[in-house]
> 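Here it is, the structure in full.
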Amino acid sequence: MTNEFTAESYKVYDIQQYTMLNILEGSGRFMIDFKTYKCCKKKAIFLEKGQFVKFLGDQFKVRFITFSDTDILQSRDARVLFKHLVSMGYIDFKACKDREAFVTHNNCRESMDTLVRLAVQQWYWKNPFGATKEEYQVLFDINQFIETELKKRNNPKTVKAFFKQKETALHTLVKRKLGISISKMTANKHLLNCKRAVAFTDKNIQEIAYDHGYTDPAYFNKVFKKQVGQTPLEFRANFDYKNRDSFVQELMACISAFHKKEHRLHFYADKMCLSTKALSHKVRNKMNTSLGQLIRDALIASAKEELRSGESVKHTAADLGFIDPNHFSRFFKRYTGLAPSHYGK
């Protein structure tokens with residue numbers, strides 16, 4: 001099933017079916033499983049059941065294409081798309097333009113299994129971890145075992161003990177291809193489960209600690225804060241799954257209104273009635289990014305819009321509050337990789 005819509009800013013979209021996401025319009029950042037990514041148009045992002053996505057900006061037009069379990073489970077290779085090893089899974093249409101057509105409405109309605117098959121082909125063609133198909137199957141078997149065991153026991157110690165008995169070749173393969181150890185891979189998935197429980201349930205922190213293999217809730221709080229930078233209760237309040245307080249909306253509206261003339265952090269701190277340090281800290285905790293990055297994102301989005309409309313570099317630089325065109329050109333190239341005079345050509 002295909003669904004196109006304008007995403008609601010900062011709303012959590014729970015993924016209840018295997019889903020392919022396309023960002024059609026919009027700029028800024030989005031979050032998947034507590035990791036923040038830059039807007040990536042022309043990419044197909046694959047999401048597994050149980051994940052979530054949150055769009056950290058306004059006017060994101062998106063397409064969700066959902067698959068049945070049958071569409072996915074009939075192909076063992078399909079897990080390279082949906083069963084993420086270390087980050088989100090995606091394919092890049094720019095890298096293989098002849099396959100971009102398969103996300104049109106007609107093609108998606110005609111054959112979901114064809115869509116999955118073509119996406120898998122491109123994923124292997126892209127080969128993000130530089131492995132053979134046989135090595136990928138081993139990596140995903142390890143990944144699947146870790147996820148299954150953590151769901152059963154919610155204790156990484158049992159998983160680590162299991163792999164400690166396995167031959168060195170398995171550990172070498174994971175380290176060489178993924179850049180992390182099996183132990184770290186397990187710890188990361190366990191932490192993600194803890195963060196989900198804290199953010200998306202009403203359980204008290206003591207209960208969550210026990211559920212996830214900690215016999216001492218105080219130690220769980222200590223470990224969680226060391227790894228996340230916030231206590232579990234702070235993390236829950238800042239993620240704000242249910243209430244969605246107005247802070248983010250107010251800040252983004254302020255940046256949208258003033259970013260062309262005001263690039264200074266303290267200006268926005270004054271507008272939000274906070275110190276610069278307090279505002280920066282709050283942005284980091286709530287949005288997993290920096291205040292400076294939010295301002296830069298807004299400037300880049302406005303610059304691209306003006307340049308696409310045919311405005312000169314000189315006019316765009318002046319309109320966005322830069323002291324001279326050269327300063328603007330350096331800024332634009334640094335964050336986009338292109339000179340503004342070449343953008344859109």
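What you see is a predicted model, and the numbers here were worked out from it, not measured in a lab.
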> Is Ile45 reachable from Met1 through a run of I, L, V, M, F, W or Y residues, each pair having side-chain heavy atoms under 4.5 Å apart?
no
> Run Ser181 and His171 through side-chain hydrogen bond (donor to acceptor under 3.5 Å, both in side chains) and show every step you take.
CA-CA 7 Å; Ser181 65; His171 296 270; over 6 Å; no
> Going through the distances and angles, do Asn3 and Ile65 end up as a side-chain contact (heavy atoms from CB on, under 4.5 Å)?
CA-CA 6 Å; Asn3 184 21; Ile65 301 173; over 6 Å; no
> Are the side chain of Ser302 and the backbone of Leu299 linked by a donor-acceptor contact shorter than 3.5 Å?
no
> Looking at Lys225, I'd like to know if its NZ atom is crowded, meaning that more than 12 non-hydrogen atoms belonging to other residues, nucleotides or ligands lie closer than 6.0 Å.
no
> So if you build clusters from Ile, Leu, Val, Met, Phe, Trp, Tyr with side-chain heavy-atom gaps below 4.5 Å, do Phe162 and Ile180 land together?
yes
> Mind checking side chain to side chain donor-acceptor pair (under 3.5 Å) for Thr36 and listing every partner two or more places apart, or none if nothing turns up?
Asn288
> Take Thr2 and Arg63 through the test side-chain contact (heavy atoms from CB on, under 4.5 Å) and record every step on the way to the result.
CA-CA 7 Å; Thr2 301; Arg63 176 193 290 130; 3.9 Å; yes
> Between Phe140 and Phe145, does a ring-ring contact (aromatic ring centres under 6.0 Å, His included) hold up when you go through it step by step?
CA-CA 8 Å; Phe140 279 97; Phe145 178 85; over 10 Å; no
> What's the verdict on side-chain contact (heavy atoms from CB on, under 4.5 Å) for Phe129 and Leu85, showing C-alpha distance, side-chain angles and the deciding distance?
CA-CA 10 Å; Phe129 298 109; Leu85 292 172; 3.7 Å; yes
> Identify whether NZ of Lys or CZ of Arg in Lys54 sits under 6.0 Å from the centre of the six-membered ring of Phe30 and within 45° of that ring's axis.
no
> Kindly write out the residues that satisfy side-chain contact (heavy atoms from CB on, under 4.5 Å) with Asp69, not counting sequence neighbours, or none if the list is empty.
Tyr18, Lys49, Leu73
> Applying side-chain contact (heavy atoms from CB on, under 4.5 Å) to Phe200 and Lys195, what does each step give before you reach the verdict?
CA-CA 8 Å; Phe200 297 129; Lys195 290 166 81 172; over 6 Å; no
> Between Arg117 and Gln121, is any pair of side-chain heavy atoms under 4.5 Å apart?
yes
> Quick one: does Tyr13's side chain have a donor or acceptor within less than 3.5 Å of a partner on Glu8's backbone?
yes
> Are the side chains of Met185 and Ile146 in contact, using a 4.5 Å heavy-atom criterion?
yes
> With sequence neighbours left out, what residues match Lys61 under salt bridge (Lys or Arg N to Asp or Glu O under 4.0 Å)?
none
> Can you check side-chain hydrogen bond (donor to acceptor under 3.5 Å, both in side chains) on Asp297 and Tyr335, steps first, answer last?
CA-CA 9 Å; Asp297 285 346; Tyr335 292 106; over 6 Å; no
> Nearest 0.5 Å, what's the CG-CD distance between Asp319 and Glu306?
4.0 Å
> Can you tell if the side chain of Leu251 reaches within under 4.5 Å of the side chain of Leu291, non-hydrogen atoms only?
yes
> Can you list every side-chain hydrogen bond (donor to acceptor under 3.5 Å, both in side chains) pair that touches residues 185-194, not counting sequence neighbours?
Asn143-Lys189, Glu147-Lys189
> Tell me every residue that passes side-chain contact (heavy atoms from CB on, under 4.5 Å) with Glu305, counting only those two or more places apart in sequence or in another chain.
Arg308
> Sort and list the pairs that fulfil side-chain hydrogen bond (donor to acceptor under 3.5 Å, both in side chains) and have at least one residue in residues 210-221, not counting sequence neighbours.
Lys203-Asp211, Gln206-Tyr210
> Which salt bridge (charged side-chain N to carboxylate O under 4.0 Å, His left out) pairs, counting each pair once, include a residue from residues 76-90, with sequence neighbours left out?
Glu48-Lys83, Arg76-Asp141, Arg79-Asp141
> Identify, with sequence neighbours excluded, every residue that meets salt bridge (Lys or Arg N to Asp or Glu O under 4.0 Å) alongside Asp14.
none
> Between CD1 of Ile15 and CZ of Phe82, what distance do you get to the nearest 0.5 Å?
10.5 Å
> Report, as yes or no, whether the 6.0 Å neighbourhood of atom NZ on Lys261 holds more than 12 heavy atoms from other residues, nucleotides or ligands.
yes
> Would a single hydrophobic cluster contain both Leu24 and Leu115, if residues Ile, Leu, Val, Met, Phe, Trp and Tyr are joined by side-chain heavy-atom contacts under 4.5 Å?
no
> Just jot down the side chain to side chain donor-acceptor pair (under 3.5 Å) partners of Asn238, sequence neighbours excluded, or say none.
Gln230
> Can you name the side-chain contact (heavy atoms from CB on, under 4.5 Å) partners of Thr289, sequence neighbours left out?
Arg29, Val283, Met287, Gln293, Leu294
> Got a donor-acceptor contact below 3.5 angstrom from the His342 side chain to the Leu338 backbone?
no
> Output every pair passing ring-ring contact (aromatic ring centres under 6.0 Å, His included) with a member in residues 287-328, not counting sequence neighbours, ordered by first then second residue.
His263-Phe322, Phe322-His327, Phe322-Phe328, Phe322-Phe331, Phe328-Phe332
> Taking the side chain as C-beta and beyond, is there a heavy-atom pair between Ile23 and Lys43 under 4.5 Å?
no
> Flag the pair Phe34 / Arg196 as yes when at least one side-chain heavy-atom distance between them is below 4.5 Å, and no otherwise.
yes
> Say whether, by atom type as modelled, one donor and one acceptor occur between the side chain of Ser280 and the main chain of Thr276 under 3.5 angstrom.
yes
> Could you check whether any side-chain N or O of Thr19 sits under 3.5 Å from a backbone N or O of Gln17, counting only pairs where one atom can act as donor and the other as acceptor?
yes
> Side chains of Phe224 and Val198: does their closest heavy-atom pair fall under 4.5 Å?
yes
> Would you indicate whether the side-chain heavy atoms of Phe64 and Asn22 approach each other to under 4.5 Å?
no
> Less than 4.5 Å apart, side chain to side chain, heavy atoms only: is that true for Arg236 and Ile208?
yes
> Looking only at heavy atoms, which two atoms of Ala78 and Val120 are closest? And how far apart?
CA-CG2, 3.9 Å
> What pairs with Glu135 under side-chain contact (heavy atoms from CB on, under 4.5 Å), at least two apart in sequence or on another chain?
Ala131, Thr132, Leu173, Arg176, Lys177
> Report the C-alpha separation of Phe267 and Phe258 in whole Å, then their side-chain angles, then the decisive distance to 0.1 Å, and conclude whether the ring-ring contact (aromatic ring centres under 6.0 Å, His included) test is met.
CA-CA 9 Å; Phe267 172 85; Phe258 296 106; 5.2 Å; yes
